[in-house]
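The following block contains the structure, expressed as structure tokens.
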Amino acid sequence: MKYLTFALAKGRLAKKSMKLFEQIGVTCEEMKDESSRRLIFVNEELRYRFFLAKAPDVPTYVEYGAADIGIVGRDTVLEEGRQLYEVLDLGFGKCRMCVAGPESAKELLRHHELIRVATKYPNIAKDYFYNRKHQTVEIIKLNGSIELAPIVGLSEVIVDIVETGSTLKENGLKVLEEICPLSARMVVNQVSMKLEQDRIKDIITNLKQVLVY
Ligand code: PRP
């Protein structure tokens, strides 16, 4: 039997996903050894392979079929815009994509001023401002600690993930507009969905039974 390959976004999502998979018998003992530097883990008996990747690379592996199934945040799915099927909301990793900034930026947004928007998610920001709000903005791509940008004057606002809101609060910033809700998603390669239909559908059905929304 062919291996069914899973690509998991490194970090919290991967840990939670493996716990969830364990509940439906999709397991991998090798992966539990946290000191291991191995990149790929195998369950020979059940013919599963798992690997960890940087979140933005997960949709890439799945689109090209190097992984049949991916677990990644909806933020990354939207940002990467890859050809794949989004089949299941796993219900954890819940947060929101927001426009945030100092209170004073509210007026700039309201008057559709030509503002600068710093973000790790340029495609999501572009789609929101251009297609949904019909507002022309300058988008500045950053790679982390996005909240810094309005504080040091790089941008007027940011587009970023807000979970508890404490990063914003501690830095004197506020949610100004909500773009969309986010959570962990299961994505599937379009060819695998046909060729491995039975195994993948079983996994989806079993996951739905253990998921409590
Ligand atoms: C994310 C996000 C915010 C923070 C939001 O950053 O970019 O900075 O978490 O969480 P909160 O609302 O609970 O405070 P992350 O820690 O992933 O690191 P990054 O700054 O490198 O993107």
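This chain uses plain numbering: 1 for the first residue, then up along the sequence. Read the numbers this way: they start at 1 and go in the same order the structure lists the ligands and their atoms. FYI, side chains are in, hydrogens and waters are out, and symmetry mates aren't considered; it's all heavy atoms of this structure.
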| Proximal atoms of ligand 1 relative to S166 (non-hydrogen, under 4.0 Å) |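 Ligand 1 atoms under the 4.0 Å threshold to S166: 12 (O), 14 (O).
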| Residues K106, E156: salt bridge by 4.0 Å N-O rule |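 No, no charged N to carboxylate O under 4.0 Å.
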| Under 4.0 Å from atom 1 (C) of ligand 1, is there any protein heavy atom? |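 For atom 1 (C) of ligand 1 the answer is no, since every protein heavy atom stays at 4.0 Å or beyond.
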| message | Would you say E177 and Y128 are linked by a side-chain donor-acceptor pair, where the criterion is simply a distance under 3.5 Å? | response |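 Their side chains do contain a donor-acceptor pair, which is all the 3.5 Å distance test asks for.
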| Among T167, I146, D75, closest by any non-hydrogen atom to atom 4 (C) of ligand 1 |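 When every heavy atom of T167, I146, D75 is considered, T167 comes closest to atom 4 (C) of ligand 1.
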| message | Determine whether any protein heavy atom is located less than 4.0 Å from atom 16 (O) of ligand 1. | response |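 Given the 4.0 Å cut-off, atom 16 (O) of ligand 1 does not count as touching protein heavy atoms.
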| Ligand-side contact atoms (ligand 1) for residue partner K120, heavy atom cut-off under 4.0 Å |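 It comes down to these atoms of ligand 1: 19 (P), 22 (O).
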| message | Looking only at the side chains, is there a donor atom on one of R116 and S155 sitting less than 3.5 Å from an acceptor on the other? | response |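 The criterion, which ignores hydrogens and geometry beyond distance, is not satisfied for S155 and R116.
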| From CA spacing to verdict: side-chain contact (heavy atoms from CB on, under 4.5 Å), T60, R82 | CA-CA 7 Å; T60 314; R82 294 282 179 179; 3.6 Å; yes
| query | At a 4.0 Å threshold, what atoms of ligand 1 neighbour a non-hydrogen atom of I161? | reply |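 Those atoms are 2 (C), 3 (C), 5 (C).
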| Which residue holds the protein heavy atom closest to atom 13 (O) of ligand 1, what is that atom called, and what is the gap in Å? |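 Result: T164 OG1, 2.5 Å.
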| What are the atoms of ligand 1, with element, lying closer than 4.0 Å to any heavy atom of G165? |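 Answer, ordered by atom number: 11 (P), 12 (O), 13 (O).
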| query | For the ring pair Y48 and F6, is the centre-to-centre distance below 6.0 Å? | reply |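 Close enough - the centres of the two rings lie under 6.0 Å apart.
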| field | Any side-chain donor near an acceptor of the partner, E147 and N171, under 3.5 Å | value |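 Their side chains do not contain a donor-acceptor pair, so the 3.5 Å distance test is not met.
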| query | Nearest heavy atom to atom 7 (O) of ligand 1: which of L142, I158, L148, D160 does it belong to? | reply |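 Nearest heavy atom to atom 7 (O) of ligand 1 lies in D160.
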| F50 and F41: aromatic ring centres closer than 6.0 Å? |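 No, too far apart.
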| Within-cut-off N or O pair, V162 and ligand 1, under 3.5 Å |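 It does not: no N or O of V162 is found under 3.5 Å from an N or O of ligand 1.
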| query | With respect to atom 20 (O) of ligand 1, which of C95, S145, A55, C98 exhibits the smallest heavy-atom separation? | reply |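 That would be S145.
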| said: Side chains of S36 and D33: any donor to acceptor distance under 3.5 Å? | reply: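 On atom types as modelled, these side chains do not qualify, holding no pair under 3.5 Å.
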| At what distance is the nearest protein heavy atom to atom 21 (O) of ligand 1, and which residue and atom is it? |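 I find the closest protein heavy atom is G144 CA, 3.6 Å.
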| Does the protein place any heavy atom closer than 4.0 Å to atom 11 (P) of ligand 1? |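 Given the 4.0 Å cut-off, atom 11 (P) of ligand 1 counts as touching protein heavy atoms.
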| said: Does R12, at its CZ atom, have more than 12 non-hydrogen atoms belonging to other residues, nucleotides or ligands within less than 6.0 Å? | reply: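 12 or below, so no.
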| request: Examine N143 against ligand 1 and note whether any of their N/O atoms are separated by less than 3.5 Å. | output: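 The answer is no, given that N143 and ligand 1 share no N or O pair closer than 3.5 Å.
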| request: Could you walk me through whether L8 and V58 pass side-chain contact (heavy atoms from CB on, under 4.5 Å), step by step? | output: CA-CA 7 Å; L8 310 176; V58 169; over 6 Å; no
| said: Using a 4.0 Å cutoff against the non-hydrogen atoms of E147, which atoms of ligand 1 qualify? | reply: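 Taking each heavy atom of E147 in turn, ligand 1 has 3 (C), 8 (O) under 4.0 Å.
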